[in-house]
Amino acid sequence: AAFLPAAGDGAAAPPPPAAATASASASAPWWEGERVLDDVVFLTFLVGNDFLPHLPMLPVYTGGLDVALDTYRRVRASLPGYLIDGGDINVAALAPFLRALATAEAAVAERREATQAMRNGTEHQRRRAAAARAGAAGGASGAEPAAAADAPAPVPVPVPAVEAARPSAGSEAWRVGEYSANFGAEFGASELRAVCAAHLQGLAWCAAYYYKGCADWRWHLPNHYAPFAVDLADAA
């Protein structure tokens with residue numbers, strides 16, 4: 001990617017004290033306020049801006065920025081440096097951060113899948129109840145009761161907490177479905193590589209635009225949709 005810088009020196013950040021949190025003193029080497037602010041600006045690129053679409057599971061209107069910020073808070077001390085270094089993307093830190101974000105992303109997909117299952121179950125239950133009422137009314141008028149009246153109503157699927165969710169075949173199926181819906185049924189490995197490369201280039205272009213100035217006014221992202229964090233992590 002033309003705008004993507006090479007990995008930096010990747011010096012490991014020292015681990016935080018046992019009692020340290022994200023609100024620790026700004027003088028702590030692993031939590032320098034100005035550099036954290038640079039990284040937070042970068043995180044907003046992942047949830048969409050004027051130049052890039054949001055990652056599939058991270059739209060702002062469903063709390064995507066909160067997911068990105070919480071992931072950053074949890075892994076900041078373990079990253080090999082900050083995400084932004086002198087206005088450039090620190091690729092050595094970006095890849096492990098994206099892997100951590102991919103876990104959170106899968107949890108969001110799991111929660112959405114469970115929510116959809118519950119909604120489907122509730123809707124099915126509503127229809128069965130309506131059929132039962134219709135059957136009861138028919139029986140009162142001498143008609144044969146509907147068979148659905150005797151069938152047990154389905155139990156809605158409980159929605160797991162995001163924190164308890166883990167990547168599974170369900171989240172993988174959601175990912176495949178999203179790619180197929182967004183990029184077409186023929187979307188495959190080579191297309192995925194191209195989408196990831198273009199989006200990484202876009203992240204680097206945005207970093208240059210915000211921190212240094214526009215690198216190339218001719219650049220634009222050729223896609224309307226973004227790849228998942230797990231695929232960006234593999235490509236970074």
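- In this structure, CZ in F42 is found 4.5 Å from CD1 in I89, a value given to the nearest 0.5 Å.
- Considering all non-hydrogen atoms of both residues, G202 and W219 come closest at CA-CZ2, 3.3 Å.
- Scored by the side chain to side chain contact (heavy atoms under 4.5 Å, CB included) test, V40 finds V36, L69 as partners (sequence neighbours excluded).
- Residues T44 and N49 are not in side-chain contact: their nearest non-hydrogen atoms beyond the backbone lie 4.5 Å or more apart.
- Applying the side chain to side chain donor-acceptor pair (under 3.5 Å) criterion to T62, with sequence neighbours excluded, gives R112.
- Judged as a ring pair (Phe, Tyr, Trp, His ring centres under 6.0 Å), and not counting sequence neighbours, the contacts of F51 are W205, Y209.
- Using a 4.0 Å cut-off between charged nitrogen and carboxylate oxygen, R35 and D85 count as a salt-bridge pair.
- Rounded to the nearest 0.5 Å, atoms CD1 (I84) and CZ (F45) are 6.5 Å apart.
- Here the shortest heavy-atom pairing between P227 and P56 reads O-CD, 3.1 Å.
- Looking only at side-chain heavy atoms (C-beta outward), N223 and P53 stay at 4.5 Å or farther from each other.
- A salt bridge is defined here as a Lys NZ or Arg NE, NH1 or NH2 lying under 4.0 Å from an Asp or Glu carboxylate O, and E178 with R175 fails to meet this definition.
- The shortest heavy-atom contact between A93 and L79 is O-CD2, 3.8 Å.
- Transitive grouping of hydrophobic side chains (ILVMFWY, heavy atoms separated by less than 4.5 Å) brings W217 and Y211 into a common cluster.
- Considering every non-hydrogen atom in both A229 and L55, the closest pair reads CB-CD1, 4.0 Å.
- A donor-acceptor pair is defined here as one N or O able to donate and one able to accept, closer than 3.5 Å; such a pair exists between the side chain of N90 and the backbone of A92.
- Atom CD of residue E172 and atom CD of residue E110 lie 10.5 Å apart, to the nearest 0.5 angstrom.
- Screening residues 185-213 for salt bridge (Lys or Arg N to Asp or Glu O under 4.0 Å), with sequence neighbours left out, gives D88-K212.
- Taking each heavy atom of V91 and A236 in turn, the nearest pair found is CG1-C, 4.1 Å.
- For residues 197-206, no pair satisfies salt bridge (Lys or Arg N to Asp or Glu O under 4.0 Å), with sequence neighbours left out.
- For Y179, the side chain to side chain donor-acceptor pair (under 3.5 Å) partners two or more places apart in sequence, or in a different chain, are D231.
- Taking the six-membered ring where the residue is Trp, Y72 and W31 present tilted rings, their angle falling between 30° and 60°.
- V176 and Y225 end up in different hydrophobic clusters when Ile, Leu, Val, Met, Phe, Trp and Tyr side chains are linked at under 4.5 Å.
- Here L83 contributes atom CG and L203 contributes atom CG; the two are 10.5 Å apart, rounded to the nearest 0.5 Å.
- Here D70 pairs with R73, R74 under the side chain to side chain donor-acceptor pair (under 3.5 Å) rule; sequence neighbours left out.
- The stretch residues 38-48 participates, sequence neighbours left out, in no salt bridge (Lys or Arg N to Asp or Glu O under 4.0 Å) pair at all.
- Both M57 and V60 belong to a single network of hydrophobic side chains, linked directly or stepwise wherever heavy atoms of I, L, V, M, F, W or Y lie under 4.5 Å apart.
- Contact annotation: the side chain of P80 approaches that of P96 to within less than 4.5 Å [non-hydrogen atoms, C-beta and beyond].
- Every residue meeting the side chain to side chain contact (heavy atoms under 4.5 Å, CB included) condition with V67, not counting sequence neighbours, appears here in chain and number order: L58, T71, L101, A104, V108.
- Taking the ring axis of Y82 as reference, the NZ or CZ atom of R76 stays within 45° of it and closer than 6.0 Å to the ring centre.
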